[in-house]
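The sequence lines fix the lettering, A, B, ..., with proteins before strands; numbering per chain opens at 1.
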Protein chains: 2
Amino acid sequence: MATGRTHRPATRSRGIPEATVARLPLYLRALTALSERSVPTVSSEELATAAGVNSAKLRKDFSYLGSYGTRGVGYDVEYLVYQISRELGLTQDWPVVIVGIGNLGAALANYGGFASRGFRVAALIDADPAMAGKPVAGLPVRHTDELESIISDNGVSIGVIATPAGAAQQVCDRLVAAGVTSILNFAPTVLSVPDGVDVRKVDLSIELQILAFHEQRKSGEDAGQAVAPPPPLRSASDGRKGPDGDVPAVMPA
Amino acid sequence: MATGRTHRPATRSRGIPEATVARLPLYLRALTALSERSVPTVSSEELATAAGVNSAKLRKDFSYLGSYGTRGVGYDVEYLVYQISRELGLTQDWPVVIVGIGNLGAALANYGGFASRGFRVAALIDADPAMAGKPVAGLPVRHTDELESIISDNGVSIGVIATPAGAAQQVCDRLVAAGVTSILNFAPTVLSVPDGVDVRKVDLSIELQILAFHEQRKSGEDAGQAVAPPPPLRSASDGRKGPDGDVPAVMPA
DNA sequence: GAATGTGAATCTTTTCACAGCC
DNA sequence: GGCTGTGAAAAGATTCACATTC
């Protein structure tokens, strides 16, 4: 998903698999909960359950970070919290800007677990002059004109795009030009960015469509009252077929 | 991620890889845009670029659906739109409930591309009695008490959870008991559900943490003004080491 | 005895490269 | 000549199962 740097040729060693990186935040959240309940140690089995994965995977994941457990005992909760935080880069404070303060942008600004660990909302930015100065989540909304100066004044390297799809690429370009190198995109668009800039994407309708796919299979492969528009006719002849040759009933004529 | 059914033993054939399913919505969006511009056909190369993937992957993905292209020419845009929509189950209409109408829930309710293709917001549900009846995105908010009847009256099988973390599991249980079998979870919690129920998760802070991980590497493996709390001391001795034996400088004593 | 850490086996996904067709 | 469709190879991720350590 993320573009990422393609290099890092020599040295090796710090090659944590992407799939593992994506799970570290889950472990961290589960560990933080344990830490708050003052649980001193936890086994891979318990932690895995809390994080919603299986224990073999968790142990393999941790093995990429180092040997941070104790055989016969488990993991020291506080120690692991620290190690994972450090690995994720959360022992430093990341200033973040949110661009596009509509419903979604406001929701993000108000999101608590945000400021809580490693991230700080440096500014909320919107293109609507009527929004400028209005406080959202305790911060005054600033106008897009100020984008570049906000980025450089605060040393922002992470930007969140919550604008309408039409504005996203343009905002992205400005963020990148101003020095942002990681972008979290909530707009339903494919952003194009230069090498060295990471983009991650959160997209409601994609997630729903994936659910619909699986939901459809559950209903018995055929059931469900189709409300489909007639399939667009296709000039071509007869060569068309399903994957293994089993032609579905709904095939367009 | 999603729990999914583990079976589907015989028949085969309709075995579309999960990674492919996750990309179909991307292709569909790109194709819809082409369709609106009345572009009649598209090559794998062009479409791949528009969707942000490479063309070999796209062709492989499509090969799981069937042979829907024409060699030497490309793909018929309208025809592909229909085929992918059908595969994703979007040729029927999915009623969806959104539970938790805070900032985020309201943002989701207002999200346009939602109703546009295959999904219909059947109801907005919130636990706050003060919200009940208030219109959000043109729909009156209904109270949690009505959850079960709303689900069954509308034949809802997809639920979106946008509540605070503390309420999520409880809401989830009620949704599932009432007949929902696919859940999109925006609350930062691991939901536990019975077999046969799919859960997908969207989590802002996880995405940010993944970005932070990569961001950290860019800054030169060491740079950045650490604002770290002192690492929690650990009783244990000396056996600790990094992955390849290279002990990081920040190691706790 | 209990639980980690990790090679080896397995499964999934991506990429390559080219035969086949228009 | 151009572009799809797909076997085969390569890379990546997960699971198994057990030696190792406390």
Just by modelled atom types, is the Glu45(B) backbone N or O under 3.5 Å from a matching donor or acceptor in the Thr49(B) side chain?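 Yes; at least one donor-acceptor contact below 3.5 Å.
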Over how many whole Å does the gap from [X] atom [atom1] to [N] atom [atom2] extend?
X        : N      : atom1 : atom2 : result
Tyr68(A) : dT6(C) : OH    : C1'   : 17 Å
Glu46(A) : dT4(C) : CD    : C1'   : 14 Å
Leu47(B) : dC3(D) : CG    : C1'   : 13 Å
Phe62(A) : dT4(C) : CZ    : P     : 10 Å
Leu65(A) : dT6(C) : CG    : C1'   : 14 Å

Validation row: Glu207(B), Leu204(B) side chains within 4.5 angstrom (heavy atoms): no
Do Gln209(B) and Leu28(A) have side chains that get closer than 4.5 Å, going by heavy atoms? yes
Tell me whether the OP1 or OP2 atom of dT4(D) has a side-chain N or O from Ser44(B) closer than 4.0 Å.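 True: Ser44(B) side-chain N/O within range (under 4.0 Å) of dT4(D) OP1/OP2.
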Run through Leu65(A), Val81(A), Thr91(A) and flag the one making a side chain to side chain contact (heavy atoms under 4.5 Å, CB included) with Arg86(A). Thr91(A)
So which heavy atom on Ala30(A) is nearest to which on Ala50(A), and how close? CB-CB, 4.0 Å
Which residues pass the salt bridge (charged side-chain N to carboxylate O under 4.0 Å, His left out) test with Arg23(B), not counting sequence neighbours?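 Partners of Arg23(B) by the salt bridge (charged side-chain N to carboxylate O under 4.0 Å, His left out) criterion, ordered by chain and then number, come out as Asp61(B).
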For nucleotides 11-15 of chain C, print each protein N/O atom paired with a nucleotide N/O atom at under 3.5 Å, atom names and distance only.
| from | atom 1 | to | atom 2 | distance (Å) |
| --- | --- | --- | --- | --- |
| dT14(C) | OP1 | Arg23(B) | NH1 | 2.9 |
| dT14(C) | OP2 | Arg23(B) | NH1 | 3.1 |
| dT14(C) | OP2 | Arg23(B) | NH2 | 2.7 |
| dT15(C) | OP2 | Asn54(B) | ND2 | 2.7 |

Pairwise N/O distances under 3.5 Å, protein to nucleotides 18-21 of chain D:
| from | atom 1 | to | atom 2 | distance (Å) |
| --- | --- | --- | --- | --- |
| dT20(D) | O2 | Arg71(A) | NH1 | 2.6 |

Checking side-chain polar atoms at under 3.5 Å, does Gln169(A) have a donor or acceptor matched by the opposite partner on Thr189(A)? no
With a 4.0 Å cut-off on N to O distance, would you call Arg29(B) and Glu36(B) a salt bridge?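 The answer is no: the pair does not qualify as a salt bridge.
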Shortest side-chain distance from Ser43(B), nucleotide among dT4(C), dT4(D), dC22(C):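 Nearest listed nucleotide: dT4(D).
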